[in-house]
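Starting from 1, each residue takes its place in the sequence as its number.
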Amino acid sequence: MELTYRKFSKIYRLEQEEANSKHEGVASLLEQNKAGNYYVATEKIDGANSCIEVLKRDGKIDFAIYSHRQRLSEDNTLRGFYEYAQEVLIPKLMEFYKNIDEAHDYLYGEWLVSHRVEYQQKMYNHWYFFSFYDDLFGHEYNFFERTAFADRVGLRQPNVVSMANYTLTKEDINAMVGRSMITKEPDHGEGIVIECDGVRAKVVSDKFKETRKQKKPQPSQTESEKFIDETITEARITKMIEKFKDENLLPDVIDFEHFGDIARPLANALWNDVIEEEGSNAPELFDAKKARKRLNKIISKYVRELIENEMISD
């Protein structure tokens, strides 16, 4: 065994999770819930996704700290998370794992720094633990197992919005979305994550939805171009730019000289994100070339605005 990053499994939108489950021939979250399984809905935190890997063997405990795509260090801290993990989280984990014979665990959470949602000031610069994977046994902890672990170690978790053993309706879900006790204005959260019998899905507030239906597509527009217009939204682009800022993936100087250095990796990241999250909704005869050309055109507009805003603020 050695320290090796394990990417967190993506949590899909509720509608997408249902489509994926149908395609794979397995029970969806809502079907699990209808079968009588307990559900838990927690607040979706708008922070920087991060991970702590714990490896214990031969009496030695090793740790690695990651963003959602790379290992962190003193030179790449994810806006201070590396230092926070070293100073606050790892001492707590050391105390717990000293009593464990062998372990290879992945702890995932949100490092709460300023993004799109405004939180109460005291909530920032804390880590909210939301997932635990035991690599030795190939076991993903459920909510109750995670809570027992978090309580024992002393970790914060996202607030529970609702939990019960009854069948959820669309009205129930809509009533929960956005509820929050930690936002600057009450109940202005990003959304919720629902978990039922090991299946998870997210539902976000209208303001933060990353897809939209076109009211009136242009007559000359192809289905592939329409798909891009409906998925490459301002919310999705803004979220990706925030991730780039968190991980120092933008050039040190934001100006038109570096236009390509910003636009190319941003377009690539958004393309991969859309194909992964929304690919099953793509038209049957998907023209990737036309779709990518349309995406690049949209990104160019947002990168120009990003550069202009940065130059004005300077």
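- Other residues, nucleotides and ligands contribute over 12 non-hydrogen atoms within 6.0 Å of the CG atom of D151.
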Passes side-chain contact (heavy atoms from CB on, under 4.5 Å), Q157 versus T42? Steps please. CA-CA 9 Å; Q157 291 182 278; T42 54; over 6 Å; no
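- The side-chain heavy atoms of V113 and F81, taken from C-beta on, include no pair separated by under 4.5 Å.
- Considering only heavy atoms from C-beta on, S28 stays 4.5 Å or farther from V199 through its side chain.
- Between R294 and D229 there is a salt bridge, since at least one side-chain N of the basic residue sits less than 4.0 Å from a carboxylate O of the acidic one.
- With hydrogens and angles left out, the side-chain atoms of E53 and Y106 include a donor and acceptor closer than 3.5 Å.
- Checked against the 6.0 Å centroid criterion, the rings of Y84 and W111 qualify as a close aromatic pair.
- In this structure, L55 and I61 have side chains that are not in contact, with every pair of non-hydrogen atoms separated by 4.5 Å or more.
- A donor-acceptor contact shorter than 3.5 Å links the side chain of S180 to the backbone of T183.
- In this model, no donor atom of one side chain and acceptor atom of the other lie less than 3.5 Å apart for N272 and E276.
- A continuous path of hydrophobic side-chain contacts links I194 to V177 [ILVMFWY only; heavy atoms under 4.5 Å].
- The backbone N or O of K98 lies less than 3.5 Å from a partner atom in the side chain of K56, making a donor-acceptor pair.
- If you check the side chains of E140 and S131, you find a donor sitting under 3.5 Å from an acceptor.
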Which is it for L155 and L89 under the side-chain contact (heavy atoms from CB on, under 4.5 Å) test, yes or no, and what are the steps along the way? CA-CA 8 Å; L155 302 177; L89 301 176; 3.8 Å; yes
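- Within the 4.5 Å cutoff, the side chain of D75 has no heavy atoms near those of the N248 side chain.
- Using a cut-off of 4.0 Å between Lys/Arg side-chain N and Asp/Glu carboxylate O, K10 and D273 are scored as salt-bridged.
- Put simply, the side chain of L249 reaches to within 4.5 Å of the side chain of Q70, judged on heavy atoms.
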Take Y39 and S162, measure what side chain to side chain donor-acceptor pair (under 3.5 Å) needs, and give me the verdict at the end. CA-CA 8 Å; Y39 80 85; S162 175; 2.6 Å; yes
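- Put simply, the side chain of T238 does not reach to within 4.5 Å of the side chain of H115, judged on heavy atoms.
- For the pair S224 (side chain) and D287 (backbone), a donor-acceptor distance under 3.5 Å is present.
- For D255 and H258, the side-chain atoms include at least one donor-acceptor pair closer than 3.5 Å.
- Checked by atom type, the side-chain pair D105/Y97 shows a donor-acceptor distance below 3.5 Å.
- Classification of K22 and E17 as a salt-bridged pair fails, no side-chain N sitting under 4.0 Å from a carboxylate O.
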Under the salt bridge (charged side-chain N to carboxylate O under 4.0 Å, His left out) criterion, do K239 and E210 qualify, and how do the steps go? CA-CA 9 Å; K239 189 169 185 177; E210 296 177 3; 3.7 Å; yes
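- With respect to R179 and E43, no salt bridge is recorded, no charged nitrogen being found less than 4.0 Å from a carboxylate O.
- Using modelled atom types and a 3.5 Å distance limit, the side chains of S21 and E24 yield no donor-acceptor pair.
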Worked check of side-chain contact (heavy atoms from CB on, under 4.5 Å) between T222 and K226: CA-CA 6 Å; T222 67; K226 178 184 173 185; over 6 Å; no
Run the ring pair (Phe, Tyr, Trp, His ring centres under 6.0 Å) check on Y108 and F132 step by step: do they pass? CA-CA 6 Å; Y108 301 92; F132 185 112; 9.2 Å; no
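- Within 6.0 Å of atom CE in M181, 12 or fewer heavy atoms from other residues, nucleotides or ligands are found, so the atom counts as exposed in its surroundings.
- Between R79 and D246, at least one side-chain N (NZ, or NE/NH1/NH2) sits under 4.0 Å from a carboxylate O, which counts as a salt bridge.
- Side chain to side chain, H68 and N49 fail the donor-acceptor criterion of an N or O pair below 3.5 Å.
- Taking the six-membered ring where the residue is Trp, the centroids of Y141 and F130 are separated by 6.0 Å or more.
- A donor-acceptor contact shorter than 3.5 Å links the side chain of H188 to the backbone of P186.
- Checking side-chain atoms of N37 against main-chain N and O of N33 turns up no donor-acceptor pair under 3.5 Å.
- Both V88 and Y82 are part of a single hydrophobic cluster, where members link through side-chain heavy atoms under 4.5 Å apart.
- Ion pairing of D172 with K170 is absent here, as no side-chain N (NZ or NE/NH1/NH2) approaches a carboxylate O to less than 4.0 Å.
- With hydrogens and angles disregarded, a donor-acceptor distance shorter than 3.5 Å links the side chain of D46 to the backbone of V117.
- Sparse packing is recorded around CZ of R152, with 12 or fewer heavy atoms of other residues, nucleotides or ligands lying under 6.0 Å away.
- A salt bridge does not link E234 with K207: every distance from a Lys NZ or Arg NE/NH1/NH2 to an Asp or Glu carboxylate oxygen is 4.0 Å or more.
- Salt bridge present: E190 and K44 bring a charged side-chain N and a carboxylate O closer than 4.0 Å.
- Within a 6.0 Å sphere centred on CG of N99, heavy atoms belonging to other residues, nucleotides or ligands number more than 12.
- Side-chain contact between C51 and L107: absent, with no pair of heavy atoms (C-beta onward) separated by less than 4.5 Å.
- In this structure, the side chains of L112 and N125 stay at 4.5 Å or more apart for every pair of heavy atoms.
- For E278 and R236, the salt-bridge test passes: some basic side-chain N is under 4.0 Å from an acidic carboxylate O.
- Using a 4.0 Å cut-off between charged side-chain N and carboxylate O, R69 and E247 make a salt bridge.
- For the pair R6 and Y133, the cation-pi test (distance below 6.0 Å, angle within 45°) is passed.
- A salt bridge links R200 with E195: the distance from a Lys NZ or Arg NE/NH1/NH2 to an Asp or Glu carboxylate oxygen falls below 4.0 Å.
- Remark: the N296 side chain and the R292 side chain contain an N/O donor-acceptor pair separated by less than 3.5 Å.
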